[in-house]
Number of protein chains: 4
Amino acid sequence: MKLSEKKLLKKKEEIILSAVKIVNRKGYRGATMDEIAAELLMTKGSLYYYFKNKEDLIFQCHQMVLSQANEELQGHLNEMISNEEKLRRMIVTHIQYAIEEKETFNMIIKPDQTFSTEQLNPILLIRNEYAGLFDKVIREGIAKGEFTIGEPKIARMILLGSMNWIQQWYSPEGGKSMEELQEIYAEYLLKVVK
Amino acid sequence: MKLSEKKLLKKKEEIILSAVKIVNRKGYRGATMDEIAAELLMTKGSLYYYFKNKEDLIFQCHQMVLSQANEELQGHLNEMISNEEKLRRMIVTHIQYAIEEKETFNMIIKPDQTFSTEQLNPILLIRNEYAGLFDKVIREGIAKGEFTIGEPKIARMILLGSMNWIQQWYSPEGGKSMEELQEIYAEYLLKVVK
Amino acid sequence: MKLSEKKLLKKKEEIILSAVKIVNRKGYRGATMDEIAAELLMTKGSLYYYFKNKEDLIFQCHQMVLSQANEELQGHLNEMISNEEKLRRMIVTHIQYAIEEKETFNMIIKPDQTFSTEQLNPILLIRNEYAGLFDKVIREGIAKGEFTIGEPKIARMILLGSMNWIQQWYSPEGGKSMEELQEIYAEYLLKVVK
Amino acid sequence: MKLSEKKLLKKKEEIILSAVKIVNRKGYRGATMDEIAAELLMTKGSLYYYFKNKEDLIFQCHQMVLSQANEELQGHLNEMISNEEKLRRMIVTHIQYAIEEKETFNMIIKPDQTFSTEQLNPILLIRNEYAGLFDKVIREGIAKGEFTIGEPKIARMILLGSMNWIQQWYSPEGGKSMEELQEIYAEYLLKVVK
DNA sequence: GATGAATGAGGCTTCATTCAT
DNA sequence: TATGAATGAAGCCTCATTCAT
């Protein structure tokens with residue numbers, strides 16, 4: 001790859017990161033091209049050099065965030081540990097994401113009604129992939145007798161739903177540290193599947 | 001109360017119901033005064049006779065929905081049953097809301113970033129009240145030895161979070177009926193607190 | 001028709017007239033909604049109360065102008081005179097339009113590439129109707145032995161083309177008055193069909 | 001002339017040709033610098049090395065096209081044939097231009113409203129020159145008794161106007177071939193001057 | 001009470017133009 | 001010479017809001 005292409009990609013990434021921040025604060029409709037550009041000390045006209053239009057930009061935001069999260073999670077699957085331990089680590093990771101990368105993270109979990117179907121599909125695909133990783137661990141845990149539940153998918157929904165909710169109320173000044181939360185959530189949520 | 005006042009209130013309620021529908025479909029920014037009015041065969045100009053502005057209207061939407069939900073839930077607290085049974089019923093009710101009244105329900109759980117702080121506070125108050133009902137049952141359950149957990153608030157967050165998440169994926173054509181879901185969720189979520 | 005509807009139509013017509021003026025001066029792309037509105041001391045936002053968008057407005061311009069011209073021309077067909085005399089009068093009328101109503105007239109003759117096909121069709125229909133009136137007179141003249149040519153359609157094209165061209169160069173300060181032009185053109189153009 | 005200058009001129013010409021194509025397809029305002037450059041596999045920034053700005057580029061388009069057409073026409077004047085025959089050939093040539101080089105040709109006949117007066121003048125000069133060639137033949141024909149009309153300029157306008165109009169409706173799939181049209185037009189238009 | 005009409009701010013997008021490299 | 005990148009003005013359109021009737 002040529003240097004210029006690299007620079008292009010880097011700039012695109014910068015813009016995406018700025019957009020992610022603002023979209024998470026204000027939603028798709030609330031985020032304006034103006035604001036996204038201003039954050040980078042650019043003018044909104046410049047954004048159109050990198051992205052076809054707003055929908056395209058936001059779409060690529062989703063893609064980037066989802067892919068990253070997916071990779072991160074996949075790491076735990078390859079470790080040589082029990083499924084319970086795998087699940088515990090995935091819970092810890094997911095919560096960390098939900099808290100520390102709150103902005104990017106919202107993109108994983110909030111289904112936007114704003115995409116034309118042709119753009120929505122690839123996003124749903126990655127989203128399903130992400131959820132599938134949880135399913136896999138739970139199902140293997142059941143197979144090995146570590147877990148006992150009959151509805152692994154619903155259990156997964158409970159896990160993800162409850163964790164996604166954290167960012168609705170979490171504040172660093174609140175009573176619990178992130179580490180405490182991770183521990184408590186892991187403990188309580190593992191009760192669900194056991 | 002005079003008859004004219006009654007009529008005024010009734011009209012206001014109609015408008016709020018229409019607004020709730022549309023806000024939940026399109027979000028705060030996507031809902032237009034035009035659309036809200038059209039649903040009632042009015043013109044948007046008229047809305048300003050009943051509400052100061054859009055923010056005011058949406059604010060009153062939140063208030064109404066939250067109050068209703070609160071009342072409904074409170075009913076379970078006065079029944080003469082175990083706390084586990086109370087909690088089970090509250091779960092069932094909450095899920096029913098989340099599925100059947102998805103539109104209105106969204107207002108309970110999605111904190112809109114759109115309110116000025118002076119308007120946000122009363123909403124948060126009612127929201128806390130709602131959550132407090134769950135807390136109360138859980139805490140009493142712990143006191144009576146029905147539940148064993150050490151972090152009732154976090155357990156409550158897990159319960160609400162996981163249930164709120166349902167509407168992100170639930171579809172009547174999906175594999176499970178609402179009744180099945182209510183049962184499974186109740187079973188799995190009670191494991192958390194026990 | 002209610003009074004309010006009448007007013008609406010009148011306003012629409014005013015806007016159309018303003019738009020016609022500007023479109024003829026600057027073309028479809030050059031005419032701005034801002035300028036069209038300013039001419040009427042309105043703001044561009046108001047235009048959207050009356051027309052869906054720019055294309056819709058310009059489309060209705062074409063429709064109105066074409067219909068008017070059509071009616072005017074049709075008048076000559078019902079008179080009890082020879083076809084040569086009919087054709088002469090149609091020529092005089094067409095030239096008068098081309099000169100005195102230059103602005104509206106352009107809309108009859110300039111095919112805009114700007115319309116989506118669904119909107120283009122009705123316009124072409126009226127345009128063909130207009131041309132058809134010339135065809136009819138020429139063909140009847142041939143039948144009666146007044147004219148001798150074998151290609152009535154091409155003759156019509158020559159007539160219309162040459163007359164439409166007048167506005168490209170005509171200026172009231174120029175050497176010839178409109179009346180003189182009408183006479184000369186009628187004389188020369190009738191030579192074509194005879 | 002130095003080699004580098006020659007190259008410069010050649011590049012300029014290429015750009016002009018590309019611009020002509022696009023301007024004729026989309027009009028002055030519809031043609032974008034981007035599109036003109038893309039056709040030559042350049043970037044729009046480069047255009048500004050060769051032309052001061054868009055107006056300058058389009059202006060030079062007009063100049064080039066008009067000069068070419070002028071030269072072509074002038075050829076017929078030097079042949080040793082009757083004025084009627086000269087005029088017939090000029091008609092044939094003009095129609096061929098109008099049909100086969102429709103794109104470039106438009107520039108001769110459509111006076112763009114887009115030029116500042118200082119740029120418009122030289123264009124009008126060449127345009128008049130072109131028209132003057134027709135005038136000359138007609139006037140000489142009158143002098144020699146071949147033609148009989150009293151208004152040679154208006155006759156010329158009729159000729160040019162009717163021929164320019166052809167491209168508004170001509171389509172290769174239509175009923176008549178170009179050759180047929182040339183013949184019929186020559187026949188009918190010569191009736192005007194005789 | 002209700003509405004038709006108007007307004008103006010603000011959003012998305014395009015594009016001629018500039019300029020450092 | 002050429003280009004990649006940025007800019008900013010201007011255009012289309014939406015919509016909350018206002019107000020005379």
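Heavy atoms only: backbone and side chains are in, while hydrogens, waters and symmetry mates are out. Note on naming: letters A, B, ... go to the chains in the order of the sequence lines (proteins, then strands), and numbering restarts at 1 for each one.
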Side chain of [X]: nearest nucleotide among [options]?
| X | options | result |
| --- | --- | --- |
| D:Thr43 | F:dT3, E:dT3, E:dA5 | F:dT3 |
| B:Lys11 | F:dT3, F:dG8, E:dA2 | E:dA2 |
| C:Met42 | E:dA6, F:dC12, F:dA6 | E:dA6 |
| B:Asn53 | E:dC12, E:dT3, F:dT17 | F:dT17 |
| C:Tyr48 | F:dT14, E:dT3, F:dT1 | F:dT14 |
| C:Ser46 | E:dC12, E:dA6, F:dA6 | E:dA6 |

TODO: Give none if F:dT21 has no partner; otherwise give the nucleotide forming a Watson-Crick or G-U wobble pair with it, both distances under 3.5 Å.
DONE: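 Per the H-bond distance test, E:dA2.
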Open item on the list: My understanding is that a pair needs two contacts under 3.5 Å, Watson-Crick or G-U wobble. By that rule, which nucleotide pairs with F:dT7?
Closed with: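 For F:dT7, the partner nucleotide comes out as E:dA16, under the 3.5 Å rule.
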Open item on the list: Can you confirm whether C:Lys10 sits close enough to C:Glu13 that some side-chain heavy atom of one is under 4.5 Å from a side-chain heavy atom of the other?
Closed with: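 Answer no - side chains too far apart.
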- [ ] Measure the shortest side-chain to side-chain distance between B:Lys21 and B:Leu17 over non-hydrogen atoms and say whether it is less than 4.5 angstrom.
- [x]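 No, side chains not in contact.
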Open item on the list: At less than 4.0 Å, is any side-chain N or O atom of D:Tyr49 found next to OP1 or OP2 of F:dA2? Yes or no.
Closed with: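 It does not, given that no N or O in the side chain of D:Tyr49 lies less than 4.0 Å from OP1 or OP2 of F:dA2.
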Open item on the list: Between C:Gly45 and D:Lys7, which residue's closest nucleotide on DNA chain F lies nearer the 5′ terminus?
Closed with: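 The residue closer to the strand's 5' end, by nearest nucleotide, is D:Lys7.
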Roughly, in whole Å, what's the span from [atom1] in [X] to [atom2] in [N]?
| X | N | atom1 | atom2 | value |
| --- | --- | --- | --- | --- |
| C:Lys6 | E:dG4 | NZ | C1' | 18 Å |
| C:Glu5 | E:dT3 | CD | P | 16 Å |
| B:Glu14 | E:dG1 | CD | C1' | 14 Å |
| A:Ile36 | E:dT13 | CD1 | C1' | 14 Å |
| B:Asp34 | E:dA6 | CG | P | 15 Å |
| B:Glu55 | F:dC15 | CD | P | 19 Å |
| C:Leu57 | F:dC12 | CG | P | 10 Å |
| C:Glu35 | F:dA10 | CD | C1' | 13 Å |

TODO: State plainly whether the residues D:Glu35 and D:Lys26 are in salt-bridge range, i.e. N to O under 4.0 Å.
DONE: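 A salt bridge links D:Glu35 with D:Lys26.
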Under 4.0 Å between any heavy atoms, over every strand shown, what does [X] touch: base, sugar-phosphate, or nothing? Just pick one.
| X | answer |
| --- | --- |
| A:Ala37 | nothing |
| B:Tyr50 | sugar-phosphate |
| D:Thr32 | sugar-phosphate |

Closest non-hydrogen atom pair, [X] against [Y]:
| X | Y | value |
| --- | --- | --- |
| D:Val23 | D:Tyr28 | CG1-N, 4.2 Å |
| A:Tyr50 | A:Met42 | CE1-CE, 4.2 Å |
| C:Asn164 | C:Gln167 | O-CG, 3.2 Å |

- [ ] Please tell me which of D:Lys52 and A:Met33 maps to the more 5' nucleotide of DNA chain E, matching each residue to the nucleotide holding its nearest heavy atom.
- [x]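 With D:Lys52 and A:Met33 compared, the 5'-side residue is A:Met33.
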